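The block underneath contains the structure these notes are about, expressed in structure tokens.
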There are 2 protein chains.
Amino acid sequence: MLLTDRQLLILQVIVDDFIRSAQPVGSRSLSKKEEISFSSATIRNEMSDLEDLGYIEKTHTSSGRVPSEKGYRYYVDHLLSPQVLNQHDVTIIQSIFAEKIFEFEKIIQRSAKILSELTNYTSIVLGPAVSINKLKRIQIIPLNKETAVAIFVTDTGHVENRTFSLPPSVDASDLEKTVNILNERLAGVPLEDLNDKIYKEVAMLLRQHIHNYDLMLHTVADSLKMPINEKLFFGGKTNMLSQPEFHDVAKLRSLLTLIDQEEWIYNLIRNDSAGIHVKIGRENNNSVMDNCSLITATYSAGVENLGTIAILGPTRMEYSRVISLLQFLSKDLTAVLTKLYQNK
Amino acid sequence: MLLTDRQLLILQVIVDDFIRSAQPVGSRSLSKKEEISFSSATIRNEMSDLEDLGYIEKTHTSSGRVPSEKGYRYYVDHLLSPQVLNQHDVTIIQSIFAEKIFEFEKIIQRSAKILSELTNYTSIVLGPAVSINKLKRIQIIPLNKETAVAIFVTDTGHVENRTFSLPPSVDASDLEKTVNILNERLAGVPLEDLNDKIYKEVAMLLRQHIHNYDLMLHTVADSLKMPINEKLFFGGKTNMLSQPEFHDVAKLRSLLTLIDQEEWIYNLIRNDSAGIHVKIGRENNNSVMDNCSLITATYSAGVENLGTIAILGPTRMEYSRVISLLQFLSKDLTAVLTKLYQNK
DNA sequence: TGTTAGCACTCCTAGTTACCGAGTGCTAAT
DNA sequence: ATTAGCACTCGGTAACTAGGAGTGCTAACA
């Protein structure tokens with residue numbers, strides 16, 4: 001069943017007003033709005049219909065109306081007018097990229113911070129996937145007789161390191177030979193494929209040159225097993241405290257506890273498909289998130305999807321503004337990254 | 001003016017009871033305790049005296065008594081019976097060190113987590129000072145024509161890295177020579193002294209061997225300027241939410257916001273002197289912390305003070321237990337670190 | 001002189017009542 | 001189809017009322 005233009009208008013104004021005020025919207029206060037030219041009685045009739053259709057709800061028998069999840073969904077899908085960012089926001093976002101960029105993590109971290117400051121919601125940024133970066137160089141540096149640290153540098157300048165036990169029989173020249181072989185064979189290989197390649201291609205070579213090669217091999221390969229997890233960055237974790245829907249300490253507690261579970265957040269925002277996604281309330285499949293919406297956007301380098309930026313707020317969220325901000329930031333991040341990765 | 005034994009007993013029982021129940025303590029409920037053998041009237045008289053002396057307070061005219069900051073202070077300084085940790089706590093703390101230790105950061109992180117779980121307060125751990133670690137090896141790895149990444153490995157296996165712009169005139173052999181000279185001259189030098197040493201001892205050598213040595217020099221030295229800050233680790237940031245004194249969202253907000261300001265926390269817990277320190281309420285010099293106490297302990301390697309572990313909770317904190325836990329953990333951390341650093 | 005029983009008084013808390021106002025649904029008039 | 005009018009609902013606030021836990025003081029007691 002299709003909504004009439006007037007119903008659309010009323011739904012839009014209700015959502016807008018409730019997003020602004022956090023108060024249930026009544027027919028009389030609606031009728032006073034500029035954009036509305038009909039009486040409160042008419043509005044009451046329309047609201048009654050909208051309620052029957054499930055787009056709005058009452059908090060109690062004689063209260064004003066509040067958007068339902070279905071209402072928000074419709075609002076996001078059909079009523080959102082693409083908003084142009086004001087110059088102030090644009091300037092602030094661009095300030096993220098002002099300095100010369102060497103460490104991409106810094107950029108990501110700053111993005112999270114600024115995003116949360118601009119929106120007053122909680123921002124979550126999933127750092128670029130390191131595991132698809134290609135190996136530039138391996139170094140193994142012995143610390144003492146028993147331990148050494150292996151250092152992996154990617155073509156993007158990211159550095160991973162692992163400390164491991166040296167097999168007792170290995171001497172300095174063995175190490176050097178191993179490192180040479182590894183560099184020769186593994187340069188340009190994505191980190192996620194290293195383990196595979198080591199066993200398939202490097203093992204044989206090592207056997208020819210190194211005494212006790214298998215211990216060495218396993219040790220190095222093992223040190224790579226530890227997953228190279230993308231890092232999560234947060235901004236404004238405490239912003240939720242200023243949202244009236246979280247004045248209840250119990251709710252607050254469960255939400256903040258959830259946010260602290262990185263694994264869960266990781267699965268939540270790790271989006272398969274590119275672009276902007278809006279998940280409203282129960283669409284997040286967790287009762288703690290019932291009053292929350294999550295908006296995610298992806299950023300990439302060239303065609304390769306690299307990471308996600310997300311905003312977590314109450315369902316009563318400024319969807320239009322947040323979407324614009326995410327779109328803009330995602331575009332900028334992609335531009336910077338594409339340039340960075342092209343440079344190799 | 002000295003307190004009588006009976007006053008001490010009463011003060012102690014009041015603090016103990018209030019720490020447990022968070023409710024003002026009345027004379028009648030006190031008189032029912034085992035350890036107390038005199039009537040409620042007597043207790044009322046004594047309490048009145050204790051109040052005059054400033055050790056306890058009323059929340060309103062006819063309420064029970066609550067310890068004042070002065071009361072807590074006296075309790076901590078004189079009435080605390082050194083508590084023996086139960087086996088359960090000991091086991092859990094020791095589990096931190098169960099795995100083989102390569103990355104000390106992991107240990108620190110786990111310590112923070114477990115400490116907050118054992119206490120239900122917020123734990124803060126200041127990671128070991130990296131800047132006093134000695135340089136084991138420098139590596140410089142060019143990423144492309146314009147940029148390279150410098151990697152600094154310490155004798156403890158810690159890895160720092162900095163990306164920087166390559167001066168246009170530098171070629172591969174220059175880089176190699178530079179790295180060799182740096183390693184030759186700087187191995188064993190604490191990170192915090194590197195910058196100094198580079199200008200004092202390495203500059204001249206570089207001049208002899210490298211074309212355009214000064215650009216190279218400045219670039220490498222600059223990349224070291226970025227301060228190597230000790231990292232802060234937190235555990236149980238949300239534990240405050242379950243404390244009844246923070247059922248007020250406004251207070252909660254200001255406290256959590258404060259906790260998120262790393263710079264401030266850094267100064268708060270960065271203790272000059274070794275050992276356990278207890279700061280109660282206003283002793284922390286911040287109105288947001290008026291209802292909070294902070295207990296800090298230091299850990300070290302050999303004689304060298306390395307870092308701090310701290311517990312932040314309400315003034316109504318289980319001082320005895322927390323102090324025991326911190327003492328125990330601090331001792332263990334010190335033992336592990338001392339061994340680790342001895343090993344070179 | 002130190003201790004205790006007794007008692008009047010204070011003040012918080014929880015429950016009750018009353019009332020106001022914003023809002024609704026329905027009906028009848030336009 | 002729209003709107004004015006009206007009765008009704010219900011949440012929120014304020015005012016009031018016990019009940020109870022606690023205090024301070026006084027007077028009796030060991």
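Each chain gets a letter, A, B and so on, in the order the sequences are listed, and its residues count up from 1. As the structure is a computational prediction, the values presented were derived from the model and not from experiment.
- For the atom pair A:Glu262 CD and A:Asp260 CG, the distance stands at 8.0 Å (nearest 0.5 Å).
- For the residue pair A:Ser254 and A:Thr257, no side-chain donor N or O sits within less than 3.5 Å of a side-chain acceptor on the partner.
- Rounded to whole angstrom, the span from the CG atom of B:Asn45 across to the P atom of D:dG24 amounts to 9 Å.
- Here the P atom of nucleotide C:dG23 and the CE atom of A:Met47 are 9 Å apart, to the nearest Å.
- The shortest distance between the side-chain N/O atoms of B:Ser39 and the OP1/OP2 oxygens of C:dT4 is below 4.0 Å.
- Taking every side-chain heavy atom of B:Ser62 into account, C:dT10 is the closest of C:dT24, C:dC12, C:dT10.
- Put simply, CD1 on A:Ile36 is 12 Å from P on D:dT3, counting in whole angstrom units.
- B:Ser63 comes within 4.0 angstrom of the backbone, heavy atoms only, and of no base.
- The nearest whole Å value for the distance from the CD1 atom in A:Ile14 to the P atom in C:dT24 is 9 Å.
- In this structure, the nucleotide among C:dT24, C:dT4, C:dC11 sitting nearest to the side chain of A:Ser27 is C:dT24.
- Distance, B:Glu46 CD to D:dC25 P: 15 Å, rounded to whole Å.
- Side-chain proximity of B:Arg65 to the nucleotides D:dG24, D:dT3, C:dT10 is greatest for D:dG24.
- To the nearest angstrom, P of C:dG2 lies 11 Å from CG of B:Asp49.
- Annotation: of the two residues near DNA chain C, A:Glu51 and B:Thr42, the 5′-most nearest-nucleotide partner is B:Thr42.
- Here C:dT1 presents its P atom at 21 Å from CZ of B:Phe38, a figure rounded to the nearest Å.
- For D:dG20, neither phosphate oxygen OP1 nor OP2 lies less than 4.0 angstrom from any side-chain nitrogen or oxygen of B:Arg28.
- At whole-Å resolution of the value, NE2 in A:His60 and P in C:dG25 are 12 Å apart.
- To the nearest 0.5 angstrom, B:Ile309 atom CD1 is 13.5 Å from B:Phe233 atom CZ.
- Residues A:Ser293 and A:Asn284 share a closest heavy-atom pair of CA-ND2, 4.4 Å.
- Nearest heavy-atom pair across B:Leu232 and B:Tyr266 is CD1-N, 4.1 Å.
- Each of D:dC6, D:dT3, D:dT9 was ranked by its minimum atom distance to the side chain of A:Arg44; first place goes to D:dC6.
- Taking the side chain of B:Lys58 as heavy atoms from C-beta on, and the options D:dG24, D:dG22, C:dG25, the nearest nucleotide is D:dG24.
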